[in-house]
2 protein chains.
Amino acid sequence: MSRVVKKSAESPAATRIPAAERRELILQAATAVFAERGYAGATTDQVARAANISQPYVVRLFGTKETLFVEAMDRALGKLDESFRRVIAAYDAGALADQVALLDPALGSRRQDRLRQLMAVAYADLIEDRGILMMLMQSFVTGHEPVIGPRARDGFLALYRLIRDEAGLDADAARDFLAQGMLMNTLISLRLPEVYDEEPTATELLECTLRTKLPLVLNASRAHRRVG
Amino acid sequence: MSRVVKKSAESPAATRIPAAERRELILQAATAVFAERGYAGATTDQVARAANISQPYVVRLFGTKETLFVEAMDRALGKLDESFRRVIAAYDAGALADQVALLDPALGSRRQDRLRQLMAVAYADLIEDRGILMMLMQSFVTGHEPVIGPRARDGFLALYRLIRDEAGLDADAARDFLAQGMLMNTLISLRLPEVYDEEPTATELLECTLRTKLPLVLNASRAHRRVG
DNA sequence: TTGACATGTTATCAGTCGATTACTACATTG
DNA sequence: CAATGTAGTAATCGACTGATAACATGTCAA
């Protein structure tokens with residue numbers, strides 16, 4: 001693949017934008033690209049094209065590809081952290097009475113039972129921004145990289161502590177919660193939604209895992225295939 | 001890294017071995033290398049070194065790196081499939097009475113309840129061959145590759161069908177079983193066992209997830225660090 | 001206006017990697 | 001002992017990629 005083709009009309013040749021904003025745009029592009037291809041499989045040029053700027057500029061704003069990956073990973077972890085904290089705060093403020101009324105009573109009525117279900121919904125909602133969860137998954141399998149690995153570990157453990165200490169789940173419940181999340185990540189990374197219609201087994205597994213959130217995920221998958 | 005250094009004494013310069021045997025040795029090496037670094041991150045030269053032969057010979061025996069990865073993946077999937085089938089067959093033959101006696105009665109006594117626990121033990125046992133589960137994990141996040149992706153999907157779905165149809169787990173139980181497996185994969189890929197002593201959070205999560213199999217995993221981790 | 005800084009590009013390099021080619025060495029068989 | 005096939009290596013190439021250098025253009029205060 002050639003690197004610089006200078007497509008004539010695609011978007012008006014990258015208008016000038018403050019560096020801080022440009023960084024965020026690049027991080028969004030990087031999240032999508034790294035999520036798709038992983039750290040080693042993605043190139044800084046692919047990120048640059050997705051962000052509609054030149055490859056050297058990506059490198060200059062972030063120093064190295066490794067730094068770019070780490071920042072994209074931190075951003076994804078931050079979004080998840082923020083999402084969970086928002087649910088917890090809203091629940092404790094009594095702002096989720098309508099959502100709580102819809103929860104399955106068979107799954108318990110203690111605070112941790114409620115929060116577990118509410119956070120599961122919040123997690124599934126994040127799939128809509130398809131890159132976030134796949135970016136996390138790619139981070140988790142890059143554990144051998146000397147800089148990325150330790151930070152991925154720390155981020156994962158911080159999420160576990162959030163679930164344990166802030167949401168109050170006991171160890172077994174926290175483990176099961178994480179396990180469901182990892183299964184969702186795997187199904188998404190495997191692109192199972194893309195064969196939802198053709199594979200009856202995929203249909204069953206997706207329905208059983210995602211429940212009411214399935215249409216959301218299928219839509220996100222279809223949207224992705226249109227642009228991809 | 002230089003490619004060919006011809007270390008003087010390391011192992012006697014690759015004695016002649018029938019191609020079929022050599023292929024299996026390369027597949028073992030490839031499993032370890034791909035498990036560690038992923039498809040894009042691993043090089044055929046790293047595999048060659050691990051197998052103690054030259055890089056071109058790896059390529060010649062498998063054609064392409066992609067084929068090598070696919071064969072290593074199929075081998076890992078096959079080991080898991082074989083392991084589960086052996087448990088099921090042994091249970092149905094009544095050969096596991098002693099192991100069944102040790103199971104947690106609170107988790108149910110139906111055939112599917114028993115098999116679920118026995119297969120979980122078999123799964124954790126596979127961690128000892130550290131590469132297998134990490135190889136699978138790497139396969140699952142390589143879903144976008146046009147050749148690897150579909151085969152990874154098919155392999156995963158075949159495992160699900162095995163659990164559903166052969167072991168008889170209902171959809172929810174099969175999902176939970178897979179979820180626990182994906183969590184274990186994630187913990188291993190993150191190298192959490194390597195910080196078991198330093199991170200109290202890691203300690204708790206590992207103990208809660210791996211239970212009686214934890215010593216096995218910690219030993220495998222330590223053994224890996226000695227040779228790595 | 002001008003200079004100083006910020007935003008962004010083109011050109012290019014040095015290293016890496018999968019793959020190919022051409023070769024050597026050993027074994028088996030007739 | 002040829003002859004033929006099998007097991008394996010050294011050398012090398014072309015493509016790719018992260019990073020650097022040099023340059024261009026826009027913005028804004030004094």
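Here is how names work: the chains are called A, B, and so on, in the same order as the sequence lines, proteins then strands, and each is numbered from 1.
Using a 4.0 Å heavy-atom cutoff across all strands shown, A42(B) reaches sugar-phosphate atoms only and no base atom. Using a 4.0 Å heavy-atom cutoff across all strands shown, S54(A) reaches at least one base atom of the nucleic acid.
F69(A) has its CZ atom 17 Å from the C1' atom of dT17(D), to the nearest Å. Atom CG in L61(A) sits roughly 14 Å away from atom P in dT20(D) (whole-Å rounding). When rounded to the nearest whole Å, the span between CZ of R23(B) and P of dT6(D) equals 15 Å. Rounding to whole angstrom units, CZ of residue F62(A) and C1' of dG8(C) are separated by 15 Å. Distance CZ (R37(A)) to C1' (dT17(D)): 14 Å, rounded to an integer number of Å. Distance, R49(B) CZ to dC17(C) P: 10 Å, rounded to whole Å. Atom CD1 in I26(A) sits roughly 11 Å away from atom C1' in dG8(C) (whole-Å rounding). As a whole-Å value, the separation of Q46(A) CD from dT17(D) P is 7 Å.
When the side-chain nitrogen and oxygen atoms of T44(A) are compared with OP1 and OP2 of dG18(D), one or more of them lie within a distance under 4.0 Å.
The pair E82(B)-R75(B) does not meet the salt-bridge criterion, since no charged nitrogen lies less than 4.0 angstrom from a carboxylate oxygen. Comment: R23(A) engages E71(A) in a salt bridge, judged by a side-chain N to carboxylate O separation of less than 4.0 angstrom.
For R16(A), the listed nucleotide lying nearest its side chain is dA6(C); candidates were dT9(C), dA6(C), dA19(C). The side chain of R60(B) sits closest to dA22(C) out of dG18(D), dA22(C), dG8(C). Checked against dT9(D), dC17(C), dA19(C), the side chain of Q55(B) finds its nearest nucleotide in dA19(C). When distances are taken from the side chain of I53(A) to each of dT9(C), dA19(C), dC17(C), the shortest belongs to dT9(C). Of the candidates dA7(D), dT17(D), dA19(C), the closest approach to any side-chain atom of K65(B) belongs to dA19(C).
Taking the six-membered ring for Trp and thresholds of 30 and 60 degrees, F140(A) and F156(A) have ring planes more than 60 degrees apart, a perpendicular arrangement. Between F34(B) and F69(B), the ring planes are perpendicular. Angles over 60° get that label, and only those under 30° would be called parallel.
Ranked by how close their nearest DNA chain D nucleotide is to the 5' end, I17(B) and P56(B) are led by I17(B).
Between the side chain of R22(B) and the base of dG8(D), no donor-acceptor pair under 3.5 Å is found.
Looking at D45(B), T43(B), T44(B) one by one, the single match for side-chain hydrogen bond (donor to acceptor under 3.5 Å, both in side chains) with Q55(B) turns out to be T44(B).
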